[in-house]
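Report on the structure given below.
Here is how names work: the chains are called A, B, and so on, in the same order as the sequence lines, proteins then strands, and each is numbered from 1. Just the heavy atoms: all of them, side chains too, but no hydrogens, waters or symmetry mates, feed the values below.
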There are 2 protein chains.
Amino acid sequence: MARAAEILGAAADLFHTRGYHATTMDDIAQAVGLKKGSLYHYVTAKEVLLRTLAEETIRGYLADGERIAAEDGSATERLGRVIEAHVRRLCDAPERVTVLVRESHYVPEDLAAEVRGMTHRYNHLVADLIAAGIDAGEFQPTDPAVAALMLLGALNWAHRWYQADGRLTPAEIGSQFARTFLDGLRKRGE
Amino acid sequence: MARAAEILGAAADLFHTRGYHATTMDDIAQAVGLKKGSLYHYVTAKEVLLRTLAEETIRGYLADGERIAAEDGSATERLGRVIEAHVRRLCDAPERVTVLVRESHYVPEDLAAEVRGMTHRYNHLVADLIAAGIDAGEFQPTDPAVAALMLLGALNWAHRWYQADGRLTPAEIGSQFARTFLDGLRKRGE
DNA sequence: AGAGTTCGACCGACCAGTCGGTTGAAGGGG
DNA sequence: CCCCTTCAACCGACTGGTCGGTCGAACTCT
């Protein structure tokens, strides 16, 4: 693996388990078998490390979302696919999500624009999908923005409890999420 | 207001907006019109401040939950009441929830037992309510633990987006949460 | 007087980031 | 085959600054 990616991965793991502030650059260096001084050969600043992690992470979710939203199918089908893709991606690298949701608050303002923008677009994408389902008569009328926030909260919360060696597979979790949430939105009596 | 409570409140606000680590004891002192040295007349350590905040917060949610769970009514009704109470409490002091969910990770292990215990009990309480609803035939069969985590994720996420001067009142948000989530669990065709 | 409260100077630990210097592999010329 | 140069990778000692926490003196109110 390329050194830069290796460092990013180690940082994500450490930020996840210890937290961003409790992790020193020495810790990260040690995790990849370097000394702190050498780390700065690859990394310009700790804050940039955090920013890069957050950015890479949200970019993946957004890419999935945009791809799926543009596919064929009813709003119900596409939203279900977004949910399952989200869970799959989260379970694949929960530590990245931790960094994004718990630590990205510490990305300094001037570095955070991209992250904020993509997050906003992802929220919007989900809300739009819900709004489309309401318009199409698939879902009962409700506030799409709140429904989207509700869904994303439920999904992202999983980074706090998902365990790779747990009782359920990512696919099982994904389908339970999709079933329950889509049932919650669906128009009754059809 | 008692000085101690005032300090706690100021700390919660600062931890919410700047984050625990980016907040100095000087900041907190200034917010309550004291100097740092004087703060230590009321507070034994910054970490204890954080622990106390987290503990007080989760204690409130747990107390609501236990009270409601013991009330009369179907699982559906009681779960609905828990959801609405949770939203009400969250909207009343979103900064406390921020501290609990984003920062309580930094409470040192030896001070965290109480917080962890109450959090666990709250999760369990919600899962039990869902399990009861399934047993009673109100809800369709599903994994109660995952459903509880899903619900609590959706609820707690609100601390990230709720704004007191926003479009919707806490009551409106609460009822949308309850409606959507209970519909998601409810047995179809009745 | 004296208990409760406040202050501000101070300390010590910690840590991000710097910098001068070392090493070893790759390449090139003779 | 060997010497010389170059350069990326790496090291470790150091620094500058920050911040949690301490302490004794001073002030205030009764």
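- Electrostatic pairing of Glu114(A) and Arg51(A) does not count as a salt bridge here, judged by no charged N lying under 4.0 Å from a carboxylate O.
- For Glu56(A), the salt bridge (charged side-chain N to carboxylate O under 4.0 Å, His left out) partners two or more places apart in sequence, or in a different chain, are Arg96(A).
- Near DNA chain D, meaning a heavy atom under 4.0 Å away, there are no residues from residues 11-19 of chain A.
- Near-neighbour residues of DNA chain C inside residues 21-31 of chain A, defined by a heavy atom below 4.0 Å, number-ordered: Thr23(A), Thr24(A), Met25(A).
- Cation-pi geometry between Lys46(A) and Tyr20(A) is met: the NZ or CZ atom falls under 6.0 Å from the ring centre, inside 45° of the normal.
- Rounded to a whole Å, the CG atom of Leu39(A) is 17 Å from the P atom of dC19(C).
- Computed from coordinates, the Tyr40(A) OH to dG17(C) P distance equals 4 Å when rounded to whole Å.
- Residue His124(B) qualifies as open at atom NE2: its count of foreign heavy atoms under 6.0 Å is 12 or below.
- Taking 4.5 Å as the limit, some side-chain heavy atom of Leu100(A) sits within range of a side-chain heavy atom of Val115(A).
- Salt bridge Arg67(B)/Glu71(B): present, at least one basic N to carboxylate O contact under 4.0 Å.
- Looking at Arg167(B) and Glu172(B), no side-chain N of the basic residue comes within less than 4.0 Å of a carboxylate O on the acidic one, giving no salt bridge.
- Using a 4.5 Å cut-off on side-chain heavy atoms (C-beta onward), Met118(B) and Arg59(B) make contact.
- Exactly one of Phe177(B), Phe181(B), Tyr122(B), Trp157(B) qualifies for a ring-ring contact (aromatic ring centres under 6.0 Å, His included) with His86(B). That residue is Tyr122(B).
- For DNA chain D, the contact window with chain B, defined by any atom under 4.0 Å from a protein heavy atom, covers dC19(D) to dT22(D) in 5' to 3' order.
- In terms of the side chain to side chain contact (heavy atoms under 4.5 Å, CB included) criterion, residue partners of Ala11(A) (sequence neighbours excluded) are, by chain and number, Phe15(A), Ile28(A), Leu49(A), Leu53(A).
- Using a 4.0 Å cut-off between a side-chain N of Lys or Arg and a carboxylate O of Asp or Glu, Arg89(B) and Glu84(B) do not qualify as a salt bridge.
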N/O to N/O distances under 3.5 Å, protein versus nucleotides 4-6 of chain C:
unit_1 : atom_1 : unit_2   : atom_2 : d
dT5(C) : OP2    : His41(B) : NE2    : 3.4
dT6(C) : OP1    : Arg3(B)  : NH1    : 3.0
dT6(C) : OP2    : Tyr42(B) : OH     : 2.6

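- No side-chain donor from either of Thr180(A) and Asp183(A) sits under 3.5 Å from a side-chain acceptor of the other.
- Contact annotation: the side chain of Leu8(B) never approaches that of Val43(B) to less than 4.5 Å [non-hydrogen atoms, C-beta and beyond].
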